[in-house]
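A short write-up of the structure that comes next.
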There are 2 protein chains.
Amino acid sequence: MQTLTRKQREIQDREQLILDTAREMLTHRGYLGLNMDAIAEALEYSKGTIYNHFSCKEEIILAMAVETMSKRSEMFDRASNRPGDSRQRLTGIGVAAELFVRLYPEHFQVEQIIRSASFWEKTSEARRNALRGCETRCMGIVAGIVRDALSRGDVELAEGVCPEDLVFGLWSQTFGAYAIIATSDSLSHVGIEDPFRSVRYNINRMLDGYGWRPLSTEFDDLGQFDAICEEIFPEERKLIAG
Amino acid sequence: MQTLTRKQREIQDREQLILDTAREMLTHRGYLGLNMDAIAEALEYSKGTIYNHFSCKEEIILAMAVETMSKRSEMFDRASNRPGDSRQRLTGIGVAAELFVRLYPEHFQVEQIIRSASFWEKTSEARRNALRGCETRCMGIVAGIVRDALSRGDVELAEGVCPEDLVFGLWSQTFGAYAIIATSDSLSHVGIEDPFRSVRYNINRMLDGYGWRPLSTEFDDLGQFDAICEEIFPEERKLIAG
DNA sequence: TGACATTATTGACTATCCGTCAATAATTGA
DNA sequence: TCAATTATTGACGGATAGTCAATAATGTCA
């Protein structure tokens, strides 16, 4: 491993700088405010230099997605390693997921863009794989908890139902809810005052429906969020406190 | 009510033609293939004429959204009027929702676009209201079934939980799942072979978790889809049979 | 150190697409 | 029939993605 020259370090740092600038623009000026000329101007480099780092606009957006997704898989990992019964560990994952969307509110904008048709055409396989890797890792962590619960006898699955079906339920429930929350001005006009609380509650109902023990009648399903959050993510919790 | 001249009818018909063309382009050529020049060329009118109908590109997309959403609210309405116990009626709504995404696979592309930041700026209030109306109607239909179930004693809600919380659970679960399904090549790489079946199963688990009677242990929760589909939507069912 | 090779940077340029509007064509009504 | 009204046209302006030959900076080696 060769040490890098000053120039090489400069280039490497700039890559991160581009991503930070792009993220800031997406957050504050919306998708239309995120354009190559604006990034170049903000960084006081020419457009060509930006294109030396990323071959197209889509690559920048994909790189942002990889950054946040890998942060999320780290958080999932930390949550899954917490001691406790299987249902508590799963609750930890839920805490991680919620904390994540609150820490990175712009993530769902990015997710929305990368999920649109014809986004992928010009992107590199390396980055595509990096993103898929994060997705698979997150899925695997959660499926691992389910399998663990199965082997401990905390939950049973009916014939023809696999752990991934349950994980898909958690995934679609949280993904759908957070996407709706992130892209609506307010949900109070349809009668939902605290959508995050609502998500937690509904997920616990689903787990109860699966018969995952201990059932939420045996513990305080809504009250434990803050405690678990403080225990696993004290640093991150401070960040969203404001 | 004045009868329209030939010219006026021609103009009215063209509006629908524009929408059909736009929908076809979005489906087959993706978002980037949907542009005003292409629409004008396909219809053999000039761009200016298209702009006489819709003041901007966003208005066309929004009009497509209103079309499909109002179709969906019709389907919800038909489903909710079916006789049966409250849980069967809710299952009917589920059938309608699933049938809808299969009939209009491009709808989630549209939904994704209209949910992106800075989409709404140039759109007209009339169309925005039309869309919100459909949303509120759908929500209201489902919330109505929940309230009905409450009054019949089929389900009880804990202190501090309102019917809309439950509806939000169904909404986010299905929205999330269908969005993931519509924008992924395949889910078999994460171990989910039949995601639609998985959604139905998970929703029934959630309703069981709410204690909504009859519980799915008392009926065939997975087997009833085809029967209900045939009963309420025989025509639509033929369309997706191919 | 200085001359030459390599690498990085620049910004003018092309292409594409949204949206405008003055000129032109078609339709209507008296 | 002809003037007024309405509809249609497509060239044009402006914004932005992406290219590439010219130029500047950096690295290498006698």
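Proteins come first, then strands; the chains are lettered A, B, ... in the order of their sequence lines, and each starts at number 1. Heavy-atom basis, side chains included; hydrogens, waters and symmetry copies ignored.
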Return the value, rounded to whole Å, for the distance between atom [atom1] of [X] and atom [atom2] of [N].
{"X": "A:Ile50", "N": "C:dA8", "atom1": "CD1", "atom2": "P", "result": "15 Å"}
{"X": "A:Arg9", "N": "D:dT26", "atom1": "CZ", "atom2": "C1'", "result": "14 Å"}
{"X": "B:Met25", "N": "C:dC18", "atom1": "CE", "atom2": "P", "result": "11 Å"}
{"X": "A:Glu44", "N": "C:dT9", "atom1": "CD", "atom2": "P", "result": "15 Å"}
{"X": "A:Lys57", "N": "C:dA15", "atom1": "NZ", "atom2": "P", "result": "21 Å"}
{"X": "B:Glu121", "N": "C:dC18", "atom1": "CD", "atom2": "C1'", "result": "15 Å"}
{"X": "A:His53", "N": "C:dT10", "atom1": "NE2", "atom2": "P", "result": "10 Å"}
{"X": "A:Asp37", "N": "D:dA17", "atom1": "CG", "atom2": "C1'", "result": "8 Å"}

salt_bridge([X], [Y]) N-O dist < 4.0 Å:
{"X": "A:Arg23", "Y": "A:Glu67", "answer": "yes"}
{"X": "B:Glu111", "Y": "B:Arg115", "answer": "yes"}
{"X": "B:Arg237", "Y": "B:Asp226", "answer": "yes"}
{"X": "A:Glu98", "Y": "A:Arg200", "answer": "yes"}
{"X": "B:Glu236", "Y": "B:Lys71", "answer": "yes"}
{"X": "A:Arg147", "Y": "A:Glu164", "answer": "yes"}
{"X": "A:Arg78", "Y": "A:Glu74", "answer": "no"}

Self-check item: Test item: A:Lys47 side-chain N/O and A:Ala38 main-chain N/O as donor-acceptor pair under 3.5 Å
Solution: no

Practice problem: Mind running a 4.0 Å heavy-atom check of residues 28-35 of chain B against DNA chain D and sending the residues that fall below it, in number order? | Solution: none

All N/O contacts under 3.5 Å from nucleotides 20-22 of chain C to the protein, with atom names and distances to one decimal?
none

Practice problem: Answer yes if the side chains of A:Glu59 and A:Thr123 hold a donor-acceptor pair under 3.5 Å, and no otherwise. | Solution: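 There is no such pair between these side chains.
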
Practice problem: Indicate whether any N or O donor in one side chain lies under 3.5 Å from an N or O acceptor in the other, for A:Ser116 and B:Gln112. | Solution: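 There is no such pair (donor and acceptor under 3.5 Å, judged by atom type) between the side chains of A:Ser116 and B:Gln112.
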
Quiz item: Under 30°, 30 to 60°, or over 60°: which ring-plane class applies to B:Phe100 and B:Tyr104, parallel, tilted or perpendicular?
Solution: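 Correct class here is tilted.
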
Quiz item: Closer than 4.0 Å, any side-chain N/O of B:Thr49 to the OP1 or OP2 of D:dA7?
Solution: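 Indeed not, no polar side-chain atom of B:Thr49 lies that close.
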
Quiz item: Can you check whether B:Ser46 has a side-chain N or O nearer than 4.0 Å to OP1 or OP2 of D:dG10?
Solution: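 So the side-chain polar atoms of B:Ser46 never come under 4.0 Å of the phosphate oxygens OP1 or OP2 of D:dG10.
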
Pairs under 3.5 Å (N/O, protein and nucleotides 24-30 of chain C):
| residue | atom | partner | partner atom | Å |
| --- | --- | --- | --- | --- |
| C:dT27 | OP1 | B:Arg6 | NH2 | 3.2 |

Quiz prompt | Of the listed nucleotides D:dA7, D:dA17, C:dT9, the one nearest the side chain of A:Met36 | solution = D:dA17

Exercise. Among the candidates C:dG19, D:dT9, D:dG18, find the nucleotide nearest to the side-chain atoms of A:Cys56.
Key: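 The nucleotide sitting nearest to the side chain is D:dG18.
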
Exercise. Describe the nucleic acid contact of B:Glu58 in one word from base, sugar-phosphate, nothing, applying a heavy-atom distance below 4.0 Å.
Key: sugar-phosphate

Practice problem: State yes or no: are the ring centers of B:Tyr178 and B:Phe196 separated by less than 6.0 Å? | Solution: yes

